[in-house]
Amino acid sequence: MSLLGRNKELDRLLSVIRGPKDTALAVIGGHGVGKSALLSEIPTLSDYKTVFLGASAFESDWPLSGVTALLNAMDDPVLNRIADELLRDTAGSLDVPAISSMLLNGLHQRASSRTVIVIDDADQLDPGSQAVIGFLARRLSGTDIAMFVCLRDETPDSPFSGLAVLHLQALSYSDTVRMLEAIPARQTTTAAAHAVAAATRGNPLAAVELYARLLGRQAEGKFALPVPLPGNGSFEAEFALVVGGLTAPARNVLDLLSLSCRSDITTLEKISKDVWTGVDELLACGIVHRTGPHLAIRDQLLRGYVFGAMTPAVRTANHRALADACQDTDPYARRWHLSFTALERQTPFGLLRHAVDLIRGGELSFAVEYVERALTINPWEAETAARLAAIAELLFNRGEFVYARRYLEWAQRVTRNPALILRLTGLSFEIDFIQGGAVRSSMVLRLVKEFGQHDPSFAANLLAVAAVYYAERWEFQDACELLQYAGNFQEAASAECLELTERARLLTESTNGDGVQSGRKYTLEGGSVAGLLIQGRAFSYAERYDQAQELFAMVRTSTRDAHVNWRETALFLAVDNEIRAGNVRTASKLMDDLELFEPEFKYHRGLRHVFRVWRAHALGDETLAHSYAAEAQRFAGAESHPAITAQLAAWQGHFALLRGDLAESLAQLSRAAEIGTKFTNPTLLRCDADLVEVLVRLGRHREATQALLSLESRSVGLRSPWLMMAVARSRAILADGEQSLQLFGQALDSRNSRDSLLERARTMLCYAERLKALGRLRDARDGLLRAKVMFDEVSANAWIQHVDALLLDERVEAPGPQGNPAMLLLADHERVLARMVARGMRNKEIASTLFVSVRTVEVRLTAIYRKLGVESRAQLTALAASKEKSAPEPYILPVL
């Protein structure tokens, strides 16, 4: 699907096309929100005939012009006769009720295949056509028509009231940025895309128009963003209507407010005596908002329109008046307004100094305007580069990577200072580290060797941070090489940098399987927040999940603005910690927090997509998992991120094994194991035990034995509860007969306080399957129920569905005599399930009868629908209850 951020809306359209619940849908949304673009995707959703009708302003006064155009577009023999009658009715004897009744009868009589009607801007049709089409849309049940009408507003007295409604909302910030970056352009700018996304508040048309203007400015050599952003375009008429309805005092205040991101009320009072009259009117209209003593225009595009509507002379006079009025009250605003009236050499540097203070105060949007204005005035001086470097570092420490990268790259084009080159390039590397980009360790070493002597303290810190980065990527040799070279800068390193270096070394050792001491209590007072985070990660690798959870929680509750990057990283590591611990419920809850509060393009992008794949699989949503896996593949690859590549393959292989797709499972697990051989610690990836299991299920016992021997050889000296359980389970799976049962018993009898309940449940599941294979059905059923209880305790839905499927196979009734031959396509338990549906049992009743979850019943029914080519319970009931027929109806037989 080509539309970004509209998957749910497209699914809603598809449900109407397929029916039968809704036969008509009203798509409602404001100007530019993307209604027409959404409806244009309808032909791609099905193979049905699609008829488009767009309202014409020139025909809105012609009676029934819309109905006539619709009938001509449908080109149906029955409806063409009705169209001819309308044309012959020159006397006007046919009124709206008569025409509506005649058309409805015609729709019921037509013998054509299913047709989808799409009417764009339906509320712009002539009144008679709106009444007729609205009447038909509410009565399409029983016809072969699906109708979509596009409206700008929803009103109670509309002819289309009573229809099912889809309210089309604005795009999210992330989807807006992705949409803009997907637009082909000779040279794009990420900062411009983000500025447009913030200014347009998710309106697709406004975003595309504004972004095109900014790209045009850049093509002309104007690289600084305009302040304010231009607001004319398709929305100019709407803005003119809003501004034209204001009184003179309100319009005067609005002109003054458009000159700055925010304005002090006291300053405005010095200029206009009627300021409060205008302010009250603007506040009542919702055009401006007040924050303490400051006022600002809500809509930045409206601000740009008002700014552009003033003549240059008026703008300059207003800037000069505001500069004089705020001389004693607001030095920031004075410097800003003077930059538009008196171009002195110190003006841009003053703006950059003020921007630093504004960033520290948390006013990012205000600071960005100051920086962009300074770059507009004087962009290429060396002093500008030094100040931009300080601004970029401040923005990075507060998680504002887009503008941090923009300003450091700008400074890199200007400076020739070696120390500044080191800071700027190192900062660019750190942004790549935290966003999940790929940076070669040789690049970091080359930078430090060439420029490190110019700023040894920064070089030491960069090496420590890079070592943590490569340890997290499981590139241990690179991490150790960086830590070794960091010894050359030890004397210049700060105490915090030395602590970071020590923890980086600890993390590298823990990923290699070395133990971590757990007796010490760690607090924020006893170390840096970065040190606590790395210590928690080391605990996670050492399978001390509770202690890791405690440290991650401490980092996440830190309130300092400079800790924002570590706080966000702690949330990602906390998710991975819970996955490793087998706490599916807690990991899913943390993922919800991650999706809710942090844009997807900001932190650890590859890791985020892999987590999405895992959660979709764990919740049993294979379709969603497949779509997420496609996104995750962009960050996978041996040269991109070995840890993410291996983890993605390992999880996909595990869940393919759970589904019974052994070929896919073997392919994915083999790929993961091949990458995993580079890691000395098998507990990092955890794919070897799954590989043993899938090989045994495929009957390839010799290869399974070799895989187990490889796992055991790599396990020497490692004290891992997970590893002990995985090896014990693998030995039991590989054994035969009573020896297998004895080994399963030993694996389940062993107790450890750090054992994963999920892993114990998996062992119990394999044990139950082996019992069933040996004919001990009662013991096997008891084992499945015990495994299900354990899986349910950690909310492992995918595993619960698998157990339910095994229980369903055990509990179904014996298959009876066959009816329709199509039922032979089903397995025995599927035929029984189909007959239970035919008897009128609901999903909840079936689930309680078979002792499985409702979700399991739904999944099985979906598979049955797909096999038989039916789309509803009614069709399945007719098929399951029918006897053998010499000529079965075509729609009953599945398409092979």
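As the structure is a prediction and not an experimental result, all values here were calculated from the model. No hydrogens, no waters, no symmetry mates; every other heavy atom, side chains included, goes into these values.
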Residues in salt bridge (Lys or Arg N to Asp or Glu O under 4.0 Å) contact with R615, at least two apart in sequence or another chain:
D592
Roughly how far apart are L741 CG and Q746 CD, rounded to 0.5 Å?
11.5 Å
Quick one, R556 with L590, criterion side chain to side chain contact (heavy atoms under 4.5 Å, CB included). Give me CA distance, side-chain angles, the key distance, then yes/no.
CA-CA 12 Å; R556 291 175 59 197; L590 290 173; 3.4 Å; yes
Contact between R612 and M591 at the side-chain level, heavy atoms closer than 4.5 Å - yes or no?
yes
Please name all residues satisfying salt bridge (Lys or Arg N to Asp or Glu O under 4.0 Å) with R537, sequence neighbours left out, ordered by chain then number.
E472, D576
Count the heavy atoms of every other residue, nucleotide or ligand shown that sit under 6.0 Å from CZ of R786, and state whether that count exceeds 12.
no
Give, for atom NE2 of H802 and atom CZ of R659, the distance between the pair rounded to the nearest 0.5 Å.
12.0 Å
Hey, does the side chain of E543 reach the backbone of W722 with a donor-acceptor pair shorter than 3.5 angstrom?
yes
Does a donor on one side chain sit under 3.5 Å from an acceptor on the other, for Q742 and E738?
no
For the student: nearest non-hydrogen atoms of V692 and A707, plus distance
CG2-CB, 3.9 Å
N-O pairing of E769 and R697 below 4.0 Å:
yes
Any D804 side-chain heavy atom under 4.5 Å of I800 side chain:
yes
When rounded to the nearest 0.5 angstrom, what distance separates CG in L691 from CD in E674?
11.5 Å
Is the shortest side-chain heavy-atom distance between W799 and F655 below 4.5 Å?
yes
For K8 and D11, what are the C-alpha separation, side-chain angles and deciding distance, and is it a salt bridge (Lys or Arg N to Asp or Glu O under 4.0 Å)?
CA-CA 5 Å; K8 292 183 179 179; D11 289 341; over 6 Å; no
Show the nearest heavy-atom pair for residues I534 and A504, with the distance to one decimal.
CG2-N, 4.3 Å
Is the backbone N or O of F679 less than 3.5 Å from a side-chain atom of R714, with the two atoms forming a donor-acceptor pair by type?
yes
Shortest non-hydrogen contact from Y545 to S540?
CE2-O, 3.6 Å
Tell me if the aromatic rings of Y603 and F401 count as close, with their centers under 6.0 Å from one another.
yes
Evaluate salt bridge (Lys or Arg N to Asp or Glu O under 4.0 Å) for K589 paired with D593, printing each intermediate quantity in order.
CA-CA 7 Å; K589 176 62 171 62; D593 295 342; 3.2 Å; yes
Gap between atom CG of L698 and atom CD of E693 - 0.5 Å precision:
10.5 Å
Test item: side-chain donor near acceptor, S15 and R12, under 3.5 Å:
yes
Does the Y470 side chain pair with the main chain of S441, one donor and one acceptor, at a distance under 3.5 Å?
yes
Could you verify whether a donor N or O on one side chain and an acceptor N or O on the other, from Q549 and E578, lie under 3.5 Å apart?
yes
Here the pair of heavy atoms bringing Q647 nearest to L684 is OE1-O, 4.0 Å
Checking side chain to side chain contact (heavy atoms under 4.5 Å, CB included) for the pair V613/W651: CA distance, chi angles, key distance, verdict?
CA-CA 8 Å; V613 173; W651 281 342; 5.6 Å; no
Looking at A672 and A650, what are the two nearest heavy atoms and their distance?
CB-N, 3.7 Å
Evaluate the side-chain proximity of L533 to L551: yes if any heavy-atom separation is below 4.5 Å, no if none is.
no
Side-chain contact test, heavy atoms from C-beta onward, threshold under 4.5 Å: evaluate it for T511 versus N681 and give yes or no.
no
So for atom CZ, which belongs to R567, do other residues, nucleotides or ligands contribute more than 12 heavy atoms lying within a distance under 6.0 Å?
yes
Note, Y767 side chain near R729 side chain (heavy atom, < 4.5 Å):
no
V584 and W614: side chain to side chain contact (heavy atoms under 4.5 Å, CB included), yes or no, with the steps?
CA-CA 10 Å; V584 181; W614 173 86; 3.9 Å; yes
Closest heavy-atom contact between T763 and A747?
CG2-CB, 4.2 Å
Atom CD1 of I644 and atom CD of Q633: how far apart are they, to the nearest 0.5 Å?
11.0 Å
Less than 4.5 Å apart, any side-chain heavy atom of T705 and any of L709?
yes
Taking the side chain as every heavy atom from C-beta outward, state whether R686 and R580 have any atom pair closer than 4.5 Å.
yes
Around atom NE2 of H626, are there more than 12 heavy atoms from other residues, nucleotides or ligands closer than 6.0 Å?
no
Examine the side chains of H604 and Q435 and answer whether a donor and an acceptor come within less than 3.5 Å of each other.
no
Taking atom CZ of F744 and atom CD1 of I733, what is their separation to the nearest 0.5 Å?
5.0 Å
Which residue, H701, R700, Q706, forms the side chain to side chain donor-acceptor pair (under 3.5 Å) with E703?
R700
May I have the step-by-step check of side chain to side chain contact (heavy atoms under 4.5 Å, CB included) for V444 and Y469, ending in yes or no?
CA-CA 12 Å; V444 179; Y469 167 75; over 6 Å; no
Donor-acceptor pair, distance only, cut-off 3.5 Å: does the side chain of R760 make one with the backbone of L748?
yes
Counting only heavy atoms not in Q477 (residues, nucleotides, ligands), do more than 12 fall under 6.0 Å from its CD?
no
Mind running salt bridge (Lys or Arg N to Asp or Glu O under 4.0 Å) on D478 and R473 for me, showing each step along the way?
CA-CA 10 Å; D478 293 337; R473 289 167 58 95; over 6 Å; no
